[in-house]
Amino acid sequence: MSDPQASGGPTRRAAAVGEGTRAVRAGLPEAVKNEPTLPGPVFAAHFHLPGEVGGPYTYGRDTNPTWTLLEAAISELEAPGQKGVETVVFASGMAAISAVLLSQTRAGDTVVLPDDGYQTLPLLSSQLREYGIEVRTAPTRGDAQSSILSGSRLLWIESPSNPGLDVCDIRRLVATAHAGGTLVAVDNTLATPLGQRPLELGADFSVASGTKGLTGHGDLLLGYVTCRDPQLTAKVRQWRKIVGAICGPMEAWLAHRSLATLQLRTLRQWDNALALARTLTDREEVGGVRYPGLPRDLAHEVAAGQMRGFGGVVSFTLPDRAHADRFLSALSLVEDATSFGGVRSTAERRGRWGGDAVPEGFIRFSAGCEDTDDLVADVLNALDSAED
Ligand code: PLP
């Protein structure tokens, strides 16, 4: 079995290399003659452990060599060149989000959440309230969360927000939060570490669903927490051990393999999203086009000050539910499916879930890696068909 720890651990690469170089090499172990570049998944519930308990790998709920490599890779991408940063991978994005909120707070604490974040957050809020934690909420737009921070333990930011694509000024919110002793976590799912690096903007935690753009093939669920402070990280790691929300070695390995194409995938997705946003703005029946990369978008100025790329998701509104359904069924290159960030474009009428405050005709569109002209043509064709 390849042991990344025994061979000196995953190599940390210099911060100076470009994004693409970093992505293809992130988390790879030192080259060992006759060993593969990326060792295969290690399937083990337990590891040989004669005598005293010790060493890096003892039991499969606590550690796994395949996680070790993936965690190192994500740390390199989230915080290139930063020392002491660690990542903990989880079974899903929600497992990672819950791990931060539930391991860092206790009864009597206050947390500040966005009121326009991912639609499972309200369920988590109810759970926090049942545990005696006060939950305050405010919109992402206009940094509204900054006015309700007083005395809080943790601020949760989702920027850009899903599905509304609002953006807040992360540096500004971090400065206000830290001045009052409040920790800050940023959900970085939509941007991916190539689009935004929350720890460089001052946040304590960058948390994401790796199910989406990070791994990008729509074939696995994964989550992660990247943190700069060893004590905070230890609590997150312990939470994973207690709850057992671990990702399988196969998922971890597939995720790591996918990172090699992260830059290629995201650059194409960002280009496609911008082209679509521009096309949609020109259509009379389409309202409320949102894409932080559009210069006329409400969020553009703030986004440009903190994002390195604006993501692959565009949102817009068609006149009503029936119009939106006609549009979705007329698309031929775009799957009607939830989730986002995959190599194949997906779109959905978000109102069908009932959890987001959006109009019935609201569409969340995730641009994939198709040729831009093909994707734009497919969308224009579906818009034309949906008119009658
Ligand atoms: N955060 C955001 C912004 C999301 O969009 C999602 C899922 O859509 C999650 C977290 C949860 O991720 P997962 O489905 O991997 O649990």
Side-chain angles (χ1 to χ4, degrees), residues 70 74 78 87-102 113-125 127 137 139-140 145 156-168 170 185-193 195-196 198 203 205-226 236 239-240 243-248 251-252 254-255 258 266 269 273 290 292 299 303 307 310-315 335 337-342 346-358 362-367:
L70 174 63
I74 296 173
E78 282 280 351
T87 295
V88 186
V89 290
F90 284 87
S92 67
M94 278 316 298
I97 292 172
S98 303
V100 173
L101 281 162
L102 293 164
L113 303 183
D115 65 13
D116 52 354
Y118 174 54
Q119 61 173 8
T120 305
L121 274 188
L123 287 179
L124 185 50
S125 296
Q127 192 62 53
T137 63
T140 300
Q145 289 173 292
W156 189 269
I157 290 172
E158 189 179 304
S159 182
S161 61
N162 168 27
L165 303 180
D166 269 320
V167 166
C168 57
I170 297 176
V186 176
D187 185 324
N188 205 29
T189 303
L190 214 134
T192 81
Q196 180 168 270
F205 304 92
S206 178
V207 186
S209 166
T211 313
K212 311 287 184 314
L214 185 85
T215 60
H217 291 72
D219 53 9
L220 61 88
L221 279 101
L222 189 103
Y224 69 86
V225 177
T226 304
V236 171
W239 183 264
R240 180 177 68 182
V243 176
I246 56 169
C247 68
E251 280 77 5
L254 279 170
S258 303
T266 48
Q269 288 167 336
R290 292 300 309 270
M307 297 185 77
F310 300 107
V313 178
V314 179
S315 64
E335 290 158 20
T338 196
S339 203
F340 55 85
T346 56
E348 71 167 335
R349 199 177 62 75
R350 198 59 191 165
R352 67 182 172 174
W353 294 94
D356 301 313
V358 293
F362 180 97
I363 305 281
R364 186 183 69 188
F365 196 108
S366 169

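Each ligand, and each atom within it, is numbered from 1 in the order the structure gives.
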**Study point:** Interatomic spacing from CE in Met94 to CG in Leu121 - rounded to 0.5 Å
**Key:** 6.0 Å
Check your understanding: When rounded to the nearest 0.5 angstrom, what distance separates CZ in Arg290 from CZ in Phe362?
Key -> 9.0 Å
Practice item. Could you tell me whether Arg364 and Asp356 have a side-chain N and a carboxylate O separated by less than 4.0 Å? Key: no
Review point. Could you state the interatomic distance from OG1 (Thr137) to CG (Asp115), rounded to the nearest 0.5 Å?
Key: 4.5 Å
Revision key, fill the gap. By chain and number, the residues contacting ligand 1 below 4.0 angstrom (heavy atoms only) are Ser92, Gly93, Met94, Ile97, Tyr118, Glu158, Asn162, Asp187, Thr189, Ser209, Thr211, Lys212, Leu222, Phe340
Revision key, fill the gap. Heavy atoms of Ala255 and Leu220 approach each other most closely as N-CD2, 3.9 Å
**Study point:** For the student: nearest non-hydrogen atoms of Ala252 and Cys247, plus distance
**Key:** CB-SG, 4.0 Å
